[in-house]
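First comes the structure, then the notes that go with it.
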Amino acid sequence: MEVIKIETGMHPENAYLVIKENKETLVVDPGADFNKIEKVIVENELKPVAVVLTHAHYDHIGAVDKVRHTYHIPVFMHQLEADFLTDASKNLSIYHMPFTVEKADVLLSKMGKITIEGFNCRIEHVPGHSPGSIVYLFEDEGFAVIGDTLFKGGCGRTDLPYSSNHTELMNGINAHLMTLPDDTVLYSGHGDTTTVRYERQYNPYLNGVTR
């Protein structure tokens, strides 16, 4: 598989295209800038099959409706944040430029191995930054798309409304990300790509420097 990162929005958020050899593609967290995302899809002759969300904060959902209706594909997300899409207070856009999008097509509740429109992966619930944050683990391919749970040298904010909790976040990171092989590539919702090995060694929230 190939992964293409596309920075979107005024406060850069990482949308991702996860691509199989046959060009079928998952569109992960299309935060804004539909035209930018579409340009990459057209240039690479990709075939989007689904939108998948790591969580439903405003900076990760701005282009959801444009993507889903342009390519006629379903949207997957955790059931705990189903109403975030239709509530500007819960998706936090109310503090910027309020907006909502349509409801998701598939609400995920059972964690573990899953097939999403032909893509096999494992999903795990890692709340703390938001109540329904999930990570998509492509273990056979050696990478994971992890949203705002963990960043290179940092972790997701836990001072936001609606169930942000630092202890819960760290427990989830340690249980579901730090147990992956050291060379697993981590694709975060903001900033640079990293690895499990790098974060275990250098991330102050994981190596005991910051508590």
Side-chain angles (χ1 to χ4, degrees), residues 1-8 12-31 36-38 40-55 60 63-64 67-68 71 73-78 104-106 108-126 129 132-156 172-203 206:
M1 285 187 192
E2 179 185 2
V3 179
I4 297 177
K5 179 174 79 172
I6 306 171
E7 288 192 351
T8 72
E13 175 268 350
N14 296 332
Y16 293 100
L17 303 176
V18 179
I19 308 161
K20 294 201 295 190
E21 289 185 4
N22 64 4
K23 299 291 189 176
E24 290 183 349
T25 301
L26 296 179
V27 183
V28 186
D29 288 356
K36 191 175 183 180
I37 295 170
E38 183 182 40
V40 177
I41 290 171
V42 171
E43 287 178 346
N44 290 276
E45 300 181 328
L46 304 180
K47 304 170 186 176
V49 296
V51 173
V52 297
L53 301 179
T54 62
H55 65 299
H60 291 253
V64 163
V67 172
R68 85 158 105 195
Y71 300 105
I73 57 179
V75 176
F76 291 71
M77 66 177 297
H78 197 287
D105 301 285
V106 181
L108 303 169
S109 58
K110 184 179 179 180
M111 299 294 101
K113 292 184 178 180
I114 187 174
T115 299
I116 299 176
E117 301 297 317
F119 283 77
N120 297 317
C121 63
R122 178 163 62 91
I123 58 173
E124 296 296 349
H125 185 207
V126 186
H129 174 69
S133 285
I134 53 178
V135 294
Y136 297 82
L137 311 174
F138 295 85
E139 294 170 286
D140 290 343
E141 289 76 27
F143 71 88
V145 185
I146 63 174
D148 289 1
T149 56
L150 183 68
F151 307 124
K152 186 174 184 179
C155 64
I173 289 170
N174 282 309
H176 298 301
L177 297 181
M178 291 301 103
T179 52
L180 298 171
D182 280 354
D183 58 355
T184 302
V185 177
L186 303 177
Y187 293 102
S188 300
H190 302 272
D192 295 333
T193 299
T194 187
T195 65
V196 170
R197 177 184 291 106
Y198 183 94
E199 297 313 309
R200 184 178 287 115
Q201 184 172 357
Y202 296 111
N203 192 311
L206 298 172

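Count residues from 1 along the sequence. Atoms considered below: every heavy atom in the structure, side chains included; atoms not considered: hydrogens, waters and symmetry mates.
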From [X] atom [atom1] to [Y] atom [atom2], the distance as rounded to the nearest 0.5 Å:
X	Y	atom1	atom2	value
I134	I123	CD1	CD1	5.0 Å
K23	K47	NZ	NZ	9.0 Å
I4	Y187	CD1	OH	10.0 Å
I6	Y16	CD1	OH	10.5 Å
R122	H176	CZ	NE2	8.0 Å

Beyond-backbone contact of [X] with [Y], side-chain heavy atoms, under 4.5 angstrom:
X	Y	value
Y202	T194	no
V75	V106	no
H78	H125	yes
L177	L137	yes
M1	V3	no
L150	N203	yes
E141	V18	no
Y136	L26	no

**Prompt:** Given T193 and F143, is the side-chain contact (heavy atoms from CB on, under 4.5 Å) satisfied, shown in steps?
**Reply:** CA-CA 10 Å; T193 299; F143 71 88; over 6 Å; no

What is the minimum heavy-atom distance between [X] and [Y], and which atoms define it?
X	Y	value
T179	R200	N-NH2, 4.5 Å
L206	I173	CD2-CG2, 3.8 Å
V49	P74	O-CD, 3.4 Å
I73	P48	CG2-O, 3.4 Å
T184	P181	OG1-O, 2.8 Å
A50	F76	CB-CE1, 3.9 Å

**Message:** Going by side-chain contact (heavy atoms from CB on, under 4.5 Å), name the residues that satisfy it together with E7, two or more places apart in sequence or in a different chain.
**Reply:**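 Residues passing side-chain contact (heavy atoms from CB on, under 4.5 Å) with E7: P12, N14, K36.
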
**Message:** If you apply the rule side-chain contact (heavy atoms from CB on, under 4.5 Å), what do you find for L53 with V64, and how did you get there?
**Reply:** CA-CA 9 Å; L53 301 179; V64 163; 4.0 Å; yes

Say whether, by atom type as modelled, one donor and one acceptor occur between the side chain of [X] and the main chain of [Y] under 3.5 angstrom.
X	Y	answer
K5	S188	no
N44	L46	no
T149	G147	no
D29	T54	yes

**Asked** Is E45 atom CD crowded by more than 12 heavy atoms from other residues, nucleotides or ligands, each under 6.0 Å away?
**Response** no

**Asked** Is it true that atom NZ of K113 has more than 12 heavy atoms of other residues, nucleotides or ligands lying nearer than 6.0 Å?
**Response**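 Counting neighbours around NZ of K113, 12 or fewer heavy atoms of other residues, nucleotides or ligands fall under 6.0 Å, so no.
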
**Asked** Is the NZ or CZ atom of K152 both under 6.0 Å from the centre of the six-membered ring of Y198 and within 45° of that ring's axis?
**Response**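 Yes, cation above the ring, under 6.0 Å and within 45°.
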
**Request:** Please say which of V28, D148, T8 ends up in a side chain to side chain contact (heavy atoms under 4.5 Å, CB included) with H60.
**Result:**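 It is D148, the one option of V28, D148, T8 that forms the side chain to side chain contact (heavy atoms under 4.5 Å, CB included) with H60.
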
